[in-house]
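Heads up, the thing below is written out as structure tokens.
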Amino acid sequence: MATKIRHILSLSGGKDSTALALHMRDRIPDMEYVFCDTGKELRETYEYLNRVEAYLGKKIIRLNAEAGFDHWLKVFNGYLPSANMRWCTKLLKLRPFENFVGDEQVVSYVGIRADENRTGYISTKPNIKAVFPFKDDKIDYEGVLKILRDSGIGMPPYINWGRTHSGCFFCFFQKKIEWVRLLETYPEEFEKAQAYEKISEKAGKTFTWIQGLPLSELRKPENINKIKHNYEEAKSKAAKQRDNRRLVEVLAGMEYDDSEPAPCLICQL
Ligand code: SF4
């Protein structure tokens, strides 16, 4: 008897994985939709996923790691995750996903668009075969927007206050301007993020989300003004030279910067 192949689509709460779920709804009837919940996600993500779930007419299975962020932070002696040490993605996103998959043969649906040229950080288990339907179906950024618009689901709501990616509220991949927006929109989340930081005189014992700029410094009015000013300058420069960049992405601060480490696909796609 042929082995049954499972079809799994991991939603992050971001626009691309959401649009992919909507796109695949009637194409793969036995699709399993999952969301790896770190327990530290943006508050709008939970509400957004409920709406997506209603549209799909199918449960989005919430996968929680056995031990959460705070547990692992203790294990790592307060060492905050960073682009070079992504223990959070590995332990809170990838591991729950891989445990859910087990050893069965799985096709994993990934929402990289036709207009993107990135690989990102995904599971490399041999029984998981990644497929990229947006690439196969030539669906680009405009195509994703159309899927979201036509379904009535729309863009993820955190875009409205200037956050560009899904994932944890303290995600180290956010840009300085996004930290400022977090402070102005959800000060209590900013406080929680700040409380994770440790400043120490001892070498190697200072842990901050942004290297060299603790949140206690970033939040000072003079620094906020500087960050906003730099952002406005970069934005008008990008708008002038945008070439084939989409102005809407630039305005939202969503331009993809190749010089920075690629964010984790499972968190932010
Ligand atoms: S969203 Fe950011 S902080 Fe959260 S698990 Fe992913 S990489 Fe880590």
Side-chain angles (χ1 to χ4, degrees), residues 9-18 34-49 60 62-100 108 110-112 118-124 156-159 161-183 185-186 188-198 207-211 213-215 218 253-254 256-257 260-269:
L9 194 154
S10 175
L11 288 137
S12 69
K15 71 179 187 325
D16 295 320
S17 63
T18 300
V34 300
F35 170 62
C36 299
D37 183 2
T38 61
K40 307 287 179 186
E41 308 286 332
L42 291 166
R43 57 178 79 180
E44 291 97 340
T45 296
Y46 297 107
E47 182 271 326
Y48 189 57
L49 288 174
I60 298 172
R62 271 65 168 180
L63 303 176
N64 289 96
E66 280 165 28
F69 182 86
D70 296 334
H71 164 83
W72 289 111
L73 187 63
K74 270 195 210 122
V75 172
F76 283 89
N77 285 325
Y79 195 111
L80 290 174
S82 66
N84 298 325
M85 252 284 261
R86 306 176 189 198
W87 59 255
C88 49
T89 315
K90 191 161 171 244
L91 296 164
L92 302 174
K93 294 273 184 184
L94 285 176
R95 188 183 280 180
F97 179 75
E98 291 177 349
N99 287 345
F100 177 73
S108 167
V110 182
I112 295 183
R118 59 172 161 156
T119 46
Y121 193 70
I122 51 177
S123 176
T124 50
Y158 48 78
I159 299 280
W161 55 271
R163 165 85 174 217
T164 61
H165 293 290
S166 53
C168 304
F169 63 84
F170 49 56
C171 185
F172 47 85
F173 280 115
Q174 62 193 307
K175 294 177 165 53
K176 287 179 193 158
I177 187 70
E178 293 180 89
W179 280 108
V180 171
R181 291 164 178 166
L182 181 70
L183 174 64
T185 314
Y186 294 123
E188 58 288 21
E189 252 90 339
F190 189 95
E191 295 291 348
K192 283 186 211 159
Q194 187 178 332
Y196 281 117
E197 297 194 321
K198 297 272 171 298
F207 303 117
T208 56
W209 294 110
I210 307 170
Q211 215 185 350
L213 183 63
L215 295 183
L218 181 142
M254 292 171 74
Y256 188 68
D257 186 348
E260 292 182 2
C264 314
L265 295 181
I266 197 165
C267 303
Q268 303 189 338
L269 200 64

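Both ligands and their constituent atoms are indexed starting at 1 by order of listing.
- Annotation: Trp87 is not in aromatic contact with Tyr79 [ring centroid separation under 6.0 Å not met].
- With respect to atom 8 (Fe) of ligand 1, the closest heavy atom belonging to the protein is Cys88 SG, 2.3 Å.
- Residues Glu44 and Tyr186 bring a donor and an acceptor atom of their side chains to less than 3.5 Å of each other.
- Nearest to atom 3 (S) of ligand 1 by heavy-atom distance, out of Gly13, Cys168, Ser166, is Cys168.
- Of all heavy-atom pairs spanning Gln174 and Phe169, the tightest one is NE2-O, 2.9 Å.
- Residue contact annotation: Leu92 has no non-hydrogen atom under 4.0 Å from ligand 1.
- Using modelled atom types and a 3.5 Å distance limit, the side chains of Thr45 and Ser166 yield no donor-acceptor pair.
- Shortest contact from atom 6 (Fe) of ligand 1 to any protein heavy atom: Cys267 SG, 2.3 Å.
- Within the 4.0 Å heavy-atom shell around ligand 1 one finds Phe172.
- Residue, atom and distance of the protein heavy atom nearest to atom 7 (S) of ligand 1 are Thr89 OG1, 3.5 Å.
- In summary, the atoms of ligand 1 found under 4.0 Å from a heavy atom of Gly167, numbered by their order in the structure, are 1 (S).
- Nearest heavy atom pair, residue Ser12 against residue Phe35, reads O-CE1, 3.6 Å.
- Among protein heavy atoms, the minimum distance from atom 2 (Fe) of ligand 1 is reached at Cys171 SG, 2.4 Å.
- For Tyr196 and Phe69, the ring centers are positioned less than 6.0 Å apart.
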